[in-house]
Each structure stands twice: as structure tokens, then as C-alpha cells.
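Beneath this line is the structure, given in C-alpha cells, with notes to follow.
Residue numbers start from 1 in every chain, and the chains themselves are labelled A, B, ... in the order their sequence lines are given, proteins ahead of strands. Only a predicted model underlies this, so the values are computations on that prediction, with no experimental measurement involved. All heavy atoms count here, side chains included; hydrogens, waters and symmetry mates do not.
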Amino acid sequence: MYVQARRTKLEKIREMGVNPFPYRFEKDTEARYVFANFDQLDNTDRELSLAGRVMTMRVMGKASFCHIQDESAQIQLYVRKDDVGEDQYKLFKLLDIGDIIGVTGPAFRTKKGEISIKAHKIMLLSKALRPLPEKWHGLKDVETRFRQRYLDLIANPEVRELFVKRSRLINAMRSFLDGEGFVEMETPVLQPLYGGASARPFVTHHNALDVDLFLRIADELYLKRLIIGGYERVYEVCKDFRNEGIDRYHNPEFTMIEFYMAFADYHDIMELVKRMLLDIATRVFATTEFEFAGNKFDLNAEWEILPILESIKQYAGIDAANLDDQALAAECERLGIEIEKTRGRPKILDDIFTEKVQPNLIQPTFITDHPLEMSPLAKVHRENPKLTERFELYIAGSEVCNAFSELNDPDDQRERFRMQQKFSKLGDEEAQQLDEDFLKAMEYGMPPTGGLGIGVDRLFMILTGKTNIREVILFPQLKPE
RNA sequence: GGGGGUGUAGCUCAGUGGUAGAGCAUCUGCCUUUUAAGCAGAGGGUCGAAGGUUCGAUCCCUUCCACCCUCACCA
């Protein structure tokens, strides 16, 4: 019925000889500009052209007010019959909230003190056939907000600003890396083998080749091929796809940024990522202090470096290095940590870590030197053959990134893949695949390299205090209606 | 997958075993500086879906669907 009323108006507008969907409008001013420069604009004859969506209307017999919203702000229009003429005023009365219009006229301040535009000309730019969510209470229903994100963006300016921030954040990362001499590369989304992470993939099919292909779960192995190819600093901002559960920390497609730096080790990467996060936080948010889920942290604080076994000793009181598997399992039971007996020692350690250590890591903390079995792409620790040179950065109890001194010994890499194959046979659906093509590449010689991946959505959540990933992804995955 | 919650007008929300309510939006009339979106009046509902209990269900019961929270799984 709402739609019908609007269609009737649409016909009336057409009968007046007005095209309700014209082609362009010469917009020269943003609403925000008028507010920012009102002192120079007030009481001048300067004609400004603005355009935006009608958000409010107060229509009276011969003079009316409305607000239009453009990308920058909302501004009031004063439309007087004597100023715009009989026909335009008639047209104005046929407008609805939601219509997109252009206006030309000078800026002034009303009796009540609101900065406004006195319309000399009004132009309908697009007729809206459906009513907008109400303006006073706004749009709150989260399902509508996610399913019809455009309504969320129209109704909730802070959401519009949030996604601009997201864009700026990614831009800042690119600009930081570019400044460090990195080059952004593009690697395949469709891969004959999936690799570079432990996760279940999406499978698709290429008809002409008649082969199954996987949507990438990471771009790691391709970026390393580029390091082998002679680029010394590469990165990629990429969408990865993981065929796993959806919850407030996981969306099936998500954004990663990975970078690889030849001749560097994981210590260099720690230093680099710290500089990078400080740089982008300062540039995008103009602060280093944040709060996420009630936890305050400061990127300017000291970033502790804590080997994972040390962290377990410190927070769980378990000296895992000196315990055999049985004793370890007994300790878990004592602490009330449920473990699956079938899982190997690394998984048990991971469970302890997740349960007892991770929630305590509020200030930026590098957790380092993970056991070998957990890290099939990381280089053996130079001082302990059971460990790898790896770190994960934790902030506010969340993992933000994962990095290694990259494994570049092809024979060792082959062994690691074989170990993964064993896990796979034991039923680990996330075990990594043996990639002969990648091994071949490495056999041509890969320089010592440090590499890192940052989950961009997670990082952005932490920096904006959003505790649901759907708040930071424009079109999050939902079940079909 | 388990537990808890939500689903009522375009939007935000009340409510009841006896044919459904408010504010805003919509429609009509009035109005040349209004504004929580002017004043007055009017219209508007498959009460998430299907079944059951009942003389009668939006309300009680069952199943299903979607979303939120939480646990599990999972980076």
C-alpha cells in the first residue's frame, strides 16, 4: 500500500512532464562544506548545488522544509513557493522521504538557527518506491541491517563511517608496505591444491578443463613462489575462503593481508609488524589506545615476547617441556581442561593455551616458538629442533597475526608435508596437502624469508571494539531467507 | 550440534485464551522560517510458518524457519 501511493505520485510526476529518473545533476557542494564554511557563505548570493536523499519533510501550504542527506551530512532545505515557482512547488509536494533530489540556492540560517539552503531550484533525481526505515528510532533489527545493508547505511551514519574507516585501514597497510619497498601481487583464487593454512576448503569445478579447483584458504604458497622468483618484498590483500562454521569471529570469506620479506627472519617481522600497526593506528584512528570487549590496550605499551611453552608455564602452571604425554593429560584433567585423547600432543598444548593463556593476553604479546608439528610451513628453531621460529600476535585476547621464519629447505618441507599426510589419514580434515609443485619451486632455491599474515577483519574488530565480525563485513554470509 | 532468547503495522516497540495497540512513517485537509519529523483527522495487520488442544489461539502445546547470545566445533 505504501508502494502504491508512491507509484501514484510517480505517475503524477510523469504527467507533469518531469522525468523522475533523469541522467545527471551538476553537484558542486557537499553538505559538510556548507557547515564548515558557513561564515563565508552566510548572506551571500552564492548559488550552491547539493544533492542527496530526502530524509525528513515538513510540507506546508506555501513554504516547506526538508532535510537531504548526502555522503557527508544532512542539511535542511527551505523551499518557498515564491522562490521556486508554482510548478516546482507542486513537484516538491509530490516528493517522498527516500527520494533523491538536487537543489540549487544560497546558504542561510533560519530563525531557529539551523544552517539551511534556500531552494531556488529543485530537481527530482530518483523516485523511491519503497518507504525508508523510520528516522527517529532508526533501523535496529540486525537481520535487516545485514540482509539489506544499504538500509543500514542510509539509516545509520556511524555504520557508513565505520566502513570508510575499514577502507582507510587497508589503505594505510598498503601504503605502509609500499613505503617499505613491498610490491603488491595478485595470486590465484582458484587453486588446484589448497594450502598455506589448516582449514577445510570450498570446492568448485572448471568445466572446460574438467577439473575440480579449490577456493584459496591462503595465498602463502604462491607468494613464496614469487620470493623464489626473485621478488624480495611482496604482499597481497586477499579474500580467503574457509568452509567452516559461522560465528561472531568467523565468516566463510574474509580478508587477509600476507607479506613476505626475503633475507629476513621472524625477529625482523616482529619489528616490522609492530611498526606497521602503530603507524596505521595513528594514521587511521589518531590514537594508540583502544578497548575491545572491556579490555583496554595500548599499542604504545611494550610488546612482550613470550615463548608458547613459557606462557603455558606462566598462566597454566604446567611445565610441558618436562612432562610426557600421559603426565600432560593428567595435568589437563587437574585443571579441568577437556581434551580429546585422540588428538596429538601439539593439539593438547593448543587446547591448554587457548583455555588458560589466551584470555590473559590483553596488551600486545608475541607468542613464539610453537612446536614443530603445529607449524608445517615454519622453519625449525635455530636452538631447539622440536620447535619452530614462529610467532602469533595477540591483542585483547584475540589472535591478530601469524608469522614465521619461512621454511626454505625443500627436503625438510617434504618431511613436514608427509607428517601432515599422516594426520590426514588419522582423520584430520584440516591437514595440509602435499604440494609437489611447490616443493619443486623450493628446490630451485628460496632465500631465507620472513612472512606474516594478518586477519584484517579481526584486526579491525579489535580496533573498533566490534565483537561480531558481521559488523565489520558489509555483506556477511547469512542463511538464505 | 547443545542450552537460552527473539520474531506483532513500513520502522521502533507495547499487549491479551474472546475478532489487535502506541509513536513515527502513510493518506486527506489546514498552514509562507518549520524541526523529537508543524496542526487536525483517517486508513493500515496471514501477530515468522505448519499442525495440535479449545466453543474460540497472536497468546497454551508440538514441529519447522530465521536471527541474537552462549557452549561445543573451528583460526
Side-chain angles (χ1 to χ4, degrees), chain A residues 1-9 54-67 74-84 89 92-94 96-98 108-119 128-148 151-152 154-156 196-200 217-218 240 242-252 254 256 338 340 343 347 350-351 353-355 358 370 374-375 392-394 398-402 428-430 453-455 457-458 467-471 476-481:
Chain A
M1 70 242 86
Y2 299 97
V3 175
Q4 194 49 52
R6 284 166 183 252
R7 287 195 178 279
T8 305
K9 289 182 184 175
V54 175
M55 301 304 282
T56 71
M57 287 197 95
R58 289 175 294 285
V59 178
M60 292 171 287
K62 290 172 182 161
S64 302
F65 292 87
C66 71
H67 282 94
Q74 272 194 30
I75 190 164
Q76 179 171 263
L77 311 185
Y78 176 46
V79 184
R80 206 166 65 134
K81 194 173 182 177
D82 290 352
D83 291 332
V84 300
Y89 200 70
F92 181 79
K93 284 164 113 178
L94 288 171
D96 286 301
I97 289 173
F108 76 112
R109 197 186 282 274
T110 64
K111 261 184 202 168
K112 294 284 175 73
E114 181 165 346
I115 291 172
S116 307
I117 301 292
K118 181 179 282 187
L129 295 177
R130 290 177 187 265
L132 240 39
E134 183 235 332
K135 275 287 92 30
W136 177 237
H137 296 93
L139 176 66
K140 289 182 181 166
D141 182 85
V142 288
E143 196 173 344
T144 308
R145 288 185 48 231
F146 297 152
R147 286 196 197 276
Q148 296 179 271
L151 293 181
D152 190 26
I154 292 168
N156 300 313
S198 299
R200 289 156 67 187
I217 59 172
D240 289 340
R242 298 187 184 175
N243 205 340
E244 288 163 353
I246 298 175
D247 61 31
R248 66 183 169 124
Y249 294 107
H250 298 86
N251 195 62
F254 60 98
M256 288 273 291
E338 283 186 35
E340 292 178 40
R343 284 148 68 104
K347 290 276 192 186
D350 194 42
D351 285 347
F353 176 81
T354 304
E355 184 91 3
Q358 192 174 334
H370 299 62
M374 295 170 70
S375 314
E392 295 174 310
L393 173 63
Y394 286 86
S398 298
E399 186 202 330
V400 172
C401 63
N402 184 19
D428 184 351
E429 290 187 84
E430 298 179 351
I454 300 178
D457 314 274
R458 297 271 184 90
T467 52
N468 191 321
I469 198 168
R470 286 171 167 174
E471 292 290 348
Q477 200 64 46
L478 299 174
K479 286 194 197 175
E481 264 181 303

* Asked: Does the side chain of Gln76(A) reach to within under 4.5 Å of the side chain of Thr56(A), using non-hydrogen atoms?
  ->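 No, side chains not in contact.
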
* Side-chain ion pair, Lys62(A) and Asp82(A), N-O less than 4.0 Å ->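 Salt bridge between Lys62(A) and Asp82(A), a charged N being under 4.0 Å from a carboxylate O: no.
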
* Asked: Thinking salt bridges, do Glu143(A) and Arg470(A) make one under a 4.0 Å N-O criterion?
  ->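 No.
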
What are the atom names and distances for every N/O pair under 3.5 Å that joins the protein to nucleotides 2-4 of chain B?
none

[X] [atom1] to [N] [atom2]: how many Å, rounded?
X         : N      : atom1 : atom2 : answer
Lys93(A)  : U28(B) : NZ    : C1'   : 12 Å
His250(A) : A72(B) : NE2   : P     : 13 Å
Asp351(A) : A72(B) : CG    : P     : 10 Å
Arg80(A)  : U33(B) : CZ    : C1'   : 10 Å

If you check the [X] side chain, which of [options] turns out closest?
X         : options                : result
Asp96(A)  : C27(B), A75(B), U33(B) : C27(B)
Phe65(A)  : A72(B), A66(B), U33(B) : U33(B)
Arg470(A) : U12(B), A75(B), C68(B) : C68(B)
Ala63(A)  : C69(B), U32(B), A25(B) : U32(B)
Pro133(A) : A25(B), C11(B), C67(B) : C11(B)
Asp82(A)  : C13(B), U32(B), U26(B) : U32(B)
Tyr78(A)  : C27(B), U32(B), C13(B) : U32(B)
Lys62(A)  : A25(B), U32(B), C11(B) : U32(B)
Glu399(A) : C67(B), A75(B), U34(B) : A75(B)
Lys111(A) : U33(B), C27(B), A75(B) : U33(B)

For [N] and [X] - does any side-chain N or O of the residue sit under 4.0 Å from the phosphate oxygens OP1/OP2?
X         : N      : result
Asn468(A) : C69(B) : yes
Lys81(A)  : U32(B) : no
Lys112(A) : U33(B) : no
Arg147(A) : C67(B) : yes
Arg6(A)   : C27(B) : no

Dump the pairs, protein N or O against N or O of nucleotides 20-23 of chain B, anything under 3.5 Å, distances to one decimal.
unit_1: G23(B); atom_1: N2; unit_2: Glu134(A); atom_2: OE1; d: 3.2

* Asked: Going by atom types only, do Gln477(A) and His250(A) share a side-chain donor-acceptor pair under 3.5 Å?
  ->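 Result is no, nothing qualifies.
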
* Asked: Would you say the side chains of Ser64(A) and Tyr78(A) form a donor-acceptor pair under 3.5 Å?
  ->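 Not at all, the side chains of Ser64(A) and Tyr78(A) share no donor-acceptor pair under 3.5 Å.
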
* 5' precedence on RNA chain B between Lys9(A) and Asp141(A) (nearest-nucleotide basis) ->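 Nearest nucleotide further toward 5': that of Asp141(A).
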
* Asked: What heavy-atom pair brings Phe254(A) and Arg242(A) nearest, and what distance separates the two atoms?
  ->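 Nearest pair, atom of Phe254(A) first, then Arg242(A): CZ-NE, 3.4 Å.
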
Name the nucleic acid region contacted by [X], choosing base, sugar-phosphate or nothing; use a 4.0 angstrom heavy-atom cut-off, strictly under.
X         : result
Phe254(A) : nothing
Gly455(A) : nothing
Tyr89(A)  : nothing
Ala199(A) : sugar-phosphate

* **Donor/acceptor link under 3.5 angstrom from Gln76(A) side chain onto base of U34(B)** =>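 Yes.
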
* Aromatic centroids of Phe353(A) and Tyr394(A) separated by under 6.0 Å ->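 Judged by ring-centre distance (under 6.0 Å), Tyr394(A) and Phe353(A) do meet the cut-off.
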
* Asked: Name the stems that RNA chain B belongs to, where each is three or more consecutive Watson-Crick or G-U pairs with both distances under 3.5 Å?
  ->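 When the pairs of RNA chain B are grouped into runs of at least three, the stems are B:1-7 with B:65-71, B:10-13 with B:21-24, B:26-30 with B:38-42, B:48-52 with B:60-64.
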
